[in-house]
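Structure first, commentary second.
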Number of protein chains: 2
Amino acid sequence: MTEHLRRNTRFDGTAISVLGARLHHLSESDREAMRHLNVVHRFVGRRRALIAEGEVIGRVRILCKGWATRSRRLDNERRQILDFVLPGDIIGLHVDAAGASICDVDALTACEVGEVSLDALERVAMQNSGVAAGLRHYMARQLTQANDQILRLGRMSAYERLCSLLLEVYDRQRPLAMTAGAVDFPITQTTVADMLGLSVVHVNRQVMRLRREGLVTLDRRQLVIHDPEKLAQVACHRDRGFSRRPSLFMAAE
Amino acid sequence: MTEHLRRNTRFDGTAISVLGARLHHLSESDREAMRHLNVVHRFVGRRRALIAEGEVIGRVRILCKGWATRSRRLDNERRQILDFVLPGDIIGLHVDAAGASICDVDALTACEVGEVSLDALERVAMQNSGVAAGLRHYMARQLTQANDQILRLGRMSAYERLCSLLLEVYDRQRPLAMTAGAVDFPITQTTVADMLGLSVVHVNRQVMRLRREGLVTLDRRQLVIHDPEKLAQVACHRDRGFSRRPSLFMAAE
DNA sequence: CGGGATGTTGACATACATCAAATGGGGTGG
DNA sequence: CCACCCCATTTGATGTATGTCAACATCCCG
């Protein structure tokens, strides 16, 4: 099941190594403990549901391959995508007090997920402080992403929202990106509309504008951002997580 | 459910008991362990900052008394309130990888907070599974609230947003509410506007409409919702967290 | 008792939604 | 390989929810 021979387990595609690549600061013993988790891999076709709202979640899923969306419906006409789920992300943490999922998770492309018992994962976290810290930071990052989305929807124009979203998709893939500049973008404009709380038609107009201005190249597969700085400026992204400022000047107190 | 909570130390006002009332399923030994935490209480006046964006957070604050907002600014003109912070909420969990706050937290009223070392809290959580579970559930609840906010901003009309927000404020206080129907509402319409991504003027129009329809009574101090069911229906709040459906029918699989 | 925040209302401006229709592309089946 | 169809993209014309500006009323708080 596990191939010990690979030194860098990052890209072997099993759920645990994909997740391990996402959680930072794991010690070797943390990783070792996680490798003992029992994982069931499963494949799900494009447009199929990974999790439906209300479903009780006993096992979390780690996305190994493909993209998914987390979304909620207001009624049959209106749905809102909460965020995109990329490889390494954990599916099934957004639950209510009873353990039922508060949102739908749907495969945007064909997906491979690894299922892990939530209890087992929590036990590993209790015994390995690095895993616990990793999961806490992961949750914090999810909260940050949700906040970014709130900012987009609450106070940005359509054009700014699009810039901000493209930048997020770009930045989330940078640590993994192989080909210079180009990142995956298996996303239809309808999907973007549901993400940004806009109509498809209006999304298209903003996409056209970005193209006319030569800032991006994108289709249903790939996204290239030609001028990330300009985009960040439009979207008021002061901090893009890579060129982090020292932040020591502003100490607490 | 609300009854047995009332028996313990919930209302003595110290940070730990206020927090303990918020975290569910704590055993007596969990509570005992938390009582050993070193807490420094502090008072902050209305409109003062509790935490500024970028500030490195070594000690989390537990809000004991008063209300606060978590917000982010796009520029000097535009700010977006992410959520309201009520007594029992933890301030300082929304941090980046470097431990710096990603948002401002400002006192909406005079506030009392209890400061606890983040490290110490994490140590207690590592040794008391109930505390760890409580904090995990707390984080999950924060994520749910963020998702509600995303839904409001992304796909609801101004009127629906207001109904949804009032209902959230109402529901978050129900477990504590003393006076029948009335809950605290120390919130100006300008604040509501910054929360809902609307202009003050437009918020006022929607408030006026709700009043005309006899659905609510509200001023800068109190909120009374006369017909919660109607409001929930308008805001498409299918699940308000109290009359939870069994949710066993929809098992995983 | 004043003065700066807050609330309220009307007139007008605009960003975005909606409707409609043409174009294009990628599977699928013949 | 073509024909077909469905889904996605693109563009224009028009409608509407919400923003902006302005004026006044009201409430706090010092």
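Here is how names work: the chains are called A, B, and so on, in the same order as the sequence lines, proteins then strands, and each is numbered from 1.
- At the heavy-atom level, A/Arg47 lies under 4.0 Å from the strands shown only through sugar-phosphate atoms.
- With B/Tyr159 as the aromatic partner, B/Arg209 meets the cation-pi criteria of under 6.0 angstrom to the ring centre and within 45 degrees of the ring axis.
- The separation between B/Leu108 atom CG and C/dT6 atom P is 10 Å, rounded to whole Å.
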Open item on the list: Base contacts versus sugar-phosphate-only contacts with protein, heavy atoms under 4.0 Å: please encode nucleotides 24-30 of chain D as B, S and - from 5' to 3'.
Closed with: ----S--
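- The CZ atom of A/Arg209 sits 15 Å away from the P atom of D/dT11 (whole-angstrom rounding).
- The CD1 atom of A/Ile187 sits 11 Å away from the P atom of D/dT9 (whole-angstrom rounding).
- Closest to the A/Gln189 side chain, of the nucleotides C/dG7, D/dT9, D/dT20, is D/dT9.
- Scanning both residues, A/Met195 and A/Leu82, for their nearest heavy atoms gives CE-O, 4.0 Å.
- Separating the CD atom of A/Glu160 from the C1' atom of C/dA15 is a distance of 12 Å, rounded to the nearest angstrom.
- The side chain of A/Asn204 places an N or O atom within less than 4.0 Å of a non-bridging phosphate oxygen (OP1 or OP2) of D/dT10.
- In this structure, A/Arg211 reaches the sugar-phosphate backbone alone: every heavy-atom distance under 4.0 Å involves primed, P, OP1 or OP2 atoms, never a base.
- Computed from coordinates, the A/Met208 CE to D/dT9 C1' distance equals 7 Å when rounded to whole Å.
- Between the C1' atom of C/dC16 and the CZ atom of A/Arg161 lies a distance of 9 Å, rounded to the nearest Å.
- Inspection of the A/Thr191 and A/Thr188 side chains reveals no N or O donor paired with an N or O acceptor under 3.5 Å.
- Taking 3.5 Å as the limit, the base of D/dG12 and the side chain of A/Arg205 contain a donor-acceptor pair of atoms between them.
- Nearest heavy-atom pair, A/Leu93 versus B/Ala140, reported as atom, atom and distance to 0.1 Å: O-CB, 4.1 Å.
- Comparing A/Thr188 and B/Tyr159 by the nucleotide of DNA chain D whose heavy atom lies nearest to each, the residue mapping closer to the 5' end is A/Thr188.
- By the 6.0 Å contact criterion, CZ on B/Arg211 is enclosed, its count of non-hydrogen atoms from other residues, nucleotides or ligands being greater than 12.
- The number of heavy-atom neighbours closer than 6.0 Å to CZ of A/Arg79, taken from other residues, nucleotides and ligands shown, is above 12.
- Within residues 192-202 of chain B, the residues approaching DNA chain D are B/Gly197, B/Leu198, B/Ser199, B/Val201, B/His202, by heavy-atom distance under 4.0 Å.
- In A/Arg78, the CZ atom is crowded: over 12 heavy atoms of neighbouring residues, nucleotides or ligands sit closer than 6.0 Å.
- The distance between atom CZ of B/Arg155 and atom C1' of D/dA17, rounded to the nearest whole Å, is 15 Å.
- Taking CG from A/Leu74 and CG from B/Leu151, the interatomic distance works out to 4.5 Å, rounded to the nearest 0.5 Å.
- With rounding to whole Å, A/Met156 atom CE is found 17 Å from C/dC16 atom C1'.
- Counting only N and O atoms by type, the side chains of A/Thr217 and A/His226 include a donor and acceptor under 3.5 Å apart.
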